[in-house]
Amino acid sequence: MEIVSRMMDGSLPYKFEDGQAGAPVPGPPIRRDEKIEHLQKVPVFEGCSHRQLRALARITGVIDEPAGKVLTRAGEPGTEFFLIVDGTARAEVSAEKQVRLGPGDFFGEMSLLDGGPRSATVVAETPVRLLVIDRRNFFTLLTEIPRLSHTLLVTLSRRVRQAEQSLKG
Ligand code: CMP
């Protein structure tokens, strides 16, 4: 978390894709303390100190979306990673396969990792509150939070295994 800590104390400048230093991810204004409360609810950030959570709060957006909202659309380019704080969403992986995602789950990592289009349409099933992290900060977080990298790898392995099983079956 050294880099994230340095982003927080200002000793390391950070930039978003548009080159705007320190610009917040678009979203409604929200108090920093409230944002930290949301971050604390996400299991992958459990080991973070309060200081590190404050750094995360600077690079994370919080958005609320209504039930029925399409959050990612299959085939479109993707530039953001999402973590669900409250509510549930449905990943429409194929005509036969839908996967429910709930609090603590994440989506949108695949397009960021390989640069390809969104692999599935993800729709809010209920009103959802999401943490949003853009591509550049996503890669910083992967480096700085080993737990996030580990969880991503486990999740991706599970999805490959499930996909292979459905091809066989
Ligand atoms: P991405 O391809 O960026 O956008 C759609 C997202 O749906 C994808 O990242 C994953 O986060 C998620 N997704 C794709 N396939 C599955 C699956 N089999 N189970 C759960 N989530 C999935």
Side-chain angles (χ1 to χ4, degrees), residues 4 14-20 23-28 35 38-48 53 56-57 59-169:
V4 173
Y14 61 98
K15 290 187 174 184
F16 287 79
E17 286 292 279
D18 62 4
Q20 226 187 318
V25 174
K35 210 187 262 190
H38 297 324
L39 286 161
Q40 279 172 323
K41 286 192 199 172
V42 179
V44 287
F45 298 139
E46 250 168 28
C48 293
L53 289 169
L56 282 167
I59 59 172
T60 305
V62 180
I63 57 171
D64 291 312
E65 297 289 7
K69 172 85 177 180
V70 174
L71 305 167
T72 70
R73 198 179 290 279
E76 290 188 352
T79 57
E80 288 158 328
F81 171 66
F82 302 90
L83 292 137
I84 300 178
V85 177
D86 290 314
T88 61
R90 180 177 70 246
E92 299 173 346
V93 179
S94 68
E96 299 80 34
K97 186 173 169 64
Q98 301 193 342
V99 179
R100 176 163 294 146
L101 304 169
D105 289 336
F106 54 79
F107 59 94
E109 78 290 349
M110 290 171 68
S111 290
L112 295 200
L113 287 169
D114 68 4
R118 294 297 194 195
S119 60
T121 294
V122 179
V123 183
E125 283 191 324
T126 66
V128 285
R129 174 159 294 163
L130 304 168
L131 299 177
V132 191
I133 297 172
D134 76 357
R135 180 187 293 271
R136 181 182 298 262
N137 288 304
F138 174 70
F139 284 106
T140 302
L141 290 186
L142 285 186
T143 311
E144 295 306 313
I145 307 182
R147 184 172 181 159
L148 179 57
S149 304
H150 179 262
T151 306
L152 277 182
L153 286 172
V154 171
T155 303
L156 287 170
S157 301
R158 196 175 293 142
R159 286 178 188 163
V160 170
R161 205 183 285 279
Q162 284 171 353
E164 281 177 349
Q165 272 167 4
S166 57
L167 282 177
K168 283 181 203 155

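Computed from heavy atoms alone, side chains included, the values below leave out hydrogens, waters and symmetry copies. Order of listing sets the numbers, starting from 1, for every ligand and every atom in it. Residue numbers start at 1 and run along the sequence shown.
With hydrogens left out, the protein atom closest to atom 6 (C) of ligand 1 is Gly108 N, 3.8 Å, a heavy atom. Among all non-hydrogen protein atoms, the one lying nearest atom 5 (C) of ligand 1 is Ala120 O, 3.4 Å. Here the heavy atom of the protein found nearest to atom 4 (O) of ligand 1 is Arg118 CD, 3.2 Å. If you check which protein heavy atom lies closest to atom 11 (O) of ligand 1, you get Glu109 OE1, 2.7 Å. In terms of protein heavy-atom proximity, atom 8 (C) of ligand 1 is nearest to Ser119 OG, 3.5 Å. The single protein non-hydrogen atom nearest to atom 20 (C) of ligand 1 is Arg159 NE, 3.2 Å, given as residue, atom name and distance.
Interface atoms of ligand 1 facing Val122, defined by a heavy-atom separation under 4.0 Å, are 7 (O). Shown in contact with Ser111 at under 4.0 Å from a heavy atom are these atoms of ligand 1, numbered in order with element: 1 (P), 2 (O), 3 (O). Per-residue contacts place Phe107 under 4.0 angstrom from the following atoms of ligand 1 (heavy atoms of the residue considered): 11 (O). Using a 4.0 Å cut-off to heavy atoms of Val93, the atoms of ligand 1 that qualify are 15 (N), 16 (C), 17 (C), 18 (N). Under a 4.0 Å criterion applied to the non-hydrogen atoms of Val99, ligand 1 contributes the atoms 19 (N), 20 (C).
At least one donor-acceptor pair closer than 3.5 Å links the side chain of Thr121 to the backbone N or O of Ala74. A side-chain donor-acceptor contact under 3.5 Å links Thr72 to the backbone of Ala120. Looking at Lys35, its side chain does come within 3.5 Å of a backbone N or O of Thr60 through a donor-acceptor pair. A donor-acceptor contact shorter than 3.5 Å is absent between the side chain of Thr126 and the backbone of Gly87.
Side-chain contact between Ile59 and Ile133: absent, with no pair of heavy atoms (C-beta onward) separated by less than 4.5 Å.
Aromatic ring orientation, Phe107 versus Phe82: parallel (interplanar angle below 30°, classes split at 30° and 60°).
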Can you list the steps and then say if Asn137 with Phe81 is a side chain to side chain contact (heavy atoms under 4.5 Å, CB included)? CA-CA 10 Å; Asn137 288 304; Phe81 171 66; over 6 Å; no
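Neither the backbone nor the side chain of Leu112 comes within contact range of ligand 1; no heavy atom lies under 4.0 Å.
A salt bridge (charged side-chain N to carboxylate O under 4.0 Å, His left out) check over residues 108-130, counting only residues at least two apart or in different chains, returns the pairs Asp64-Arg129, Arg90-Glu125, Arg100-Glu125, Glu109-Arg159.
Residues satisfying the salt bridge (charged side-chain N to carboxylate O under 4.0 Å, His left out) test with Lys41, not counting sequence neighbours, are Asp86.
Assignment of Gly78 to the shell around ligand 1 is not supported, since no heavy atom sits closer than 4.0 Å.
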